[in-house]
Every structure is written in structure tokens, then in C-alpha cells.
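Below, each value reflects all heavy atoms present in this structure, side chains not excepted, and no hydrogens, waters or symmetry copies. All of these numbers come straight from a predicted model, not from anything done at the bench.
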Amino acid sequence: MASSILTNVGAMVALQTLNKTSKDLQTVQDRISTGMKVATAKDNSSYWSISTVMKSDVSALKALNENIAINAATVQTARVGAENIQKLLSEVKNQLSLATSASVDHAKVGDELNSLADNIQNTISSASYNGENLLDNGDTRTLTVSINRSGAAITAVTDTIDGQNMTAVQTFVAGLAAAITGGADGSANAAAAQTQLLALEAHMDTVISAAAEFGNVGKRLDLQADFTSKLVDSLNEGIGTLVDANLNEESARLQALQVQQQLGIQALSIANQSPQNILSLFR
């Protein structure tokens, strides 16, 4: 190779190598500081695009899980209320059974029934969560329990629950006292109690069915919340596989590149000394 003081090929090669090493070193340092090998679309457009979509799904699923938790609490409140009403109706049934005897004090039984009617009303009024009362609402409520992605399209998966208007049950119980004390004698009141006892069965079936339905929906919501939580973990793991840096590997590369940088500096220094050697030819 010809020697020249105008063109130092060795220095140019050494400088290019040093620049590449410095660039690689900066990349590794960025990965170590951020913990990510794909932080921007420039790093890897495909991985960045996929992970960005997955991150949006994770965000949506987390919001969905919060919504499921609210719905589950609403349903649980209604279930507890319905179960309590069922217990109160059992007490109502006991009182009516007692009233089928002509010899009992029907007025006192009526007082007990009025007290139970008040307790049922209090239960209905208290079974409210976040402004929603499924015991005082006969409407069908639609619950979003999951999301499905098909390409760019996202569709919601829903579940439904029918609110139960328990005020009809309370109204029935509230009228029992008058029904069993309006007769001319104890026998007439006993006969009225027997009639109301038969009518009570339909209301008890309504309450039991409502409590069972609330329990079924609550269980489905709990299972869906557990699945959604696991799905979020799975998506996060997939995102990490795409964009997270392997710090063990990056640490080893960092040390190797630091050595290469030092050698590159020395090689450039040696190459820069070559023009000085030409002076010896003129002495």
C-alpha cells in the first residue's frame, strides 16, 4: 500500500470501526437503561406494532376487569338481599302457619307480619350498589364480560341478568296482617291464613329463583374475572418476549463492546502515527 500524507486509509478504517463500535455501545446502553430492546418503531417496526396492539388490549382488559368487579359486587349485593328476603319469608310462613289455628291471637300475629314486611322493605332499599338495585328493578341488565379481537376489529362479549322487582313480595306481606284479622271470628281468620299461606308459596319461589340466578351470574362473573386476569398476565408475557431486553446478554455485550472501543481507539492512534513515519524518509 502506498504511503500518503493526504489520504490515511488505515485511520479511515479504524475510525469507521470505532464509530460502529460506539453506535453499538450506545444501543446496548439504551437497552440496559430502559430494559427494552424495542422501545420505538425504529428499533423493530414489526415487533413494535404487534406489542403496541397487545398493550392496548391489556389496557382494555384491565378496564374490563374493573367493570366486571363492579358488576360482580352489584350482583352479590342483590344475591345477599334476596337470600335475606327468603329467610324473612320463612318467618312469614311460620307466622301464617301459626295463624291457621283459630285459637291463636291473630292480632299479635298480624303485628309480627307487619314487622317482617318492614324488614323486607328495608332489605330491598339497602340492596343497592353504586346506585344500582337489582331487587327494585325488573329491567334486563347487559354486562360486558370479555372482548374478542379479530384483526383490527374488537367485539364485546356480553352476559345478561334480569332485575327482580321484590316490591310485589313486600306488598303481599304488608297486606297479610289485614287479611288474617279481618274475619268475624277466629275460624274465619284461620281460613284466611290458610289461603294466604298457599299464596305465599309463589312469592317464595320467586325469591328463591332470583337468589339462585344472582348466584349463577355472580359465579360466572368471578370465573370471567379470573380468566381475564390470567389473560392479562399471558399478554404481558408475550409483550415482554417481543420487546424486553435480556439484561444478562446485554451486560456481556456491554463489556465486549467497551473492550472493542478501547482497542479501536488504540488502532486509530496507531493509524494516525503513520504520516509521522514518512518524515524519517526525508532525513
Report yes if some heavy atom in the side chain of Ser115 is under 4.5 Å from a heavy atom in the side chain of Asn119; otherwise report no. yes
Are Glu112 and Lys108 ion-paired here, with the side-chain N under 4.0 Å from a carboxylate O? no
So, do Asp57 and Met54 sit near enough that their side-chain heavy atoms are less than 4.5 Å apart? no
If we ignore hydrogens and angles and just use 3.5 Å, is the side chain of Asn236 paired with the main-chain N or O of Val232 as donor and acceptor? yes
Contact check, side chains of Ile120 and Met166, non-hydrogen atoms, under 4.5 Å: no
Short side-chain donor-acceptor distance under 3.5 Å, Gln86 and Ser90: yes
Any link between Leu197 and Val173 through a network of hydrophobic side chains (Ile, Leu, Val, Met, Phe, Trp, Tyr) touching at under 4.5 Å? yes
Checking the side chain of Ser51 only, and the main-chain atoms of Trp48 only, is there a donor and an acceptor separated by less than 3.5 Å? yes
The reported gap from CG in Leu113 to CD in Glu91 (rounded to nearest 0.5 angstrom) is 10.5 Å
Is it true that a side-chain atom of Ser251 and a backbone atom of Asn248 form a donor plus acceptor pair closer than 3.5 Å? no
Side-chain contact, heavy-atom cut-off 4.5 Å: Phe172 with Leu200? yes
Check for me, please, whether Leu88 and Ile180 land in the same ILVMFWY cluster - side-chain distances under 4.5 Å, paths through other members count. yes
4.5 Å side-chain heavy-atom contact, Asn189 and Val109: no
Consider side chain to side chain contact (heavy atoms under 4.5 Å, CB included). Of Arg253, Glu249, Met36, Gln26, which one does Arg31 pass it with? Arg253
Asn114 CG to Gln95 CD distance, which is reported to the nearest 0.5 Å: 11.0 Å
Determine, using the 4.5 Å side-chain heavy-atom cutoff (strictly less than), whether Val169 and Met204 are members of one ILVMFWY cluster. yes
Which heavy atom of Leu61 sits nearest to which heavy atom of Leu231, and what is that distance? CD1-CD2, 3.7 Å
Say whether, by atom type as modelled, one donor and one acceptor occur between the side chain of Ser59 and the main chain of Lys55 under 3.5 angstrom. no
Are Ile270 and Val13 connected, step by step, through hydrophobic side chains (Ile, Leu, Val, Met, Phe, Trp, Tyr) whose heavy atoms are closer than 4.5 Å? no
Checking the side chain of Ser56 only, and the main-chain atoms of Val53 only, is there a donor and an acceptor separated by less than 3.5 Å? yes
Atom CD1 in Ile85, atom OG1 in Thr206: separation rounded to 0.5 Å? 11.0 Å
Any donor-acceptor pair under 3.5 Å from Ser269 side chain to Ile265 backbone: no
For a quick test of reading the model, state the closest non-hydrogen atom pair linking Leu134 to Ala78 and the distance between them. CB-CB, 3.7 Å
Heavy-atom donor-acceptor pair, Asn71 side chain to Asn67 backbone, under 3.5 Å: yes
If hydrophobic clusters are built by linking Ile, Leu, Val, Met, Phe, Trp and Tyr wherever their side-chain heavy atoms come under 4.5 Å apart, do Tyr129 and Val217 end up in the same one? no
Side chains of Gln194 and Leu198, heavy atoms from C-beta outward: is any pair under 4.5 Å? yes
Restricting to non-hydrogen atoms, name the atom on His106 and the atom on Ala99 that form the minimum distance, rounded to 0.1 Å. NE2-O, 2.8 Å
Measure the shortest side-chain to side-chain distance between Asp162 and Glu213 over non-hydrogen atoms and say whether it is less than 4.5 angstrom. no
Kindly say whether Ser187 contributes a backbone atom to a donor-acceptor pair with the side chain of Asp185 at under 3.5 angstrom? yes
Rounded at 0.5 Å granularity, tell me how far CG in Leu96 sits from NZ in Lys93. 10.0 Å
Pair Gln121-Ser125, side-chain donor/acceptor within less than 3.5 Å: yes
How long is the span from the OG1 atom in Thr123 to the CD atom in Glu83, to the nearest 0.5 Å? 12.0 Å
Do side-chain atoms of Thr100 reach the backbone of Ser97 as a donor and acceptor pair under 3.5 angstrom? yes
Say you draw a straight line from CG of Leu89 to CD1 of Ile208; how long is it, rounded to the nearest 0.5 Å? 8.5 Å
Are the side chains of Gln261 and Leu18 in contact, using a 4.5 Å heavy-atom criterion? yes
Exercise: identify the closest heavy-atom pair between Ala190 and Ala102: CB-N, 3.8 Å
Short question: side chain of Asp43, backbone of Thr40 - any donor-acceptor pair under 3.5 Å? yes
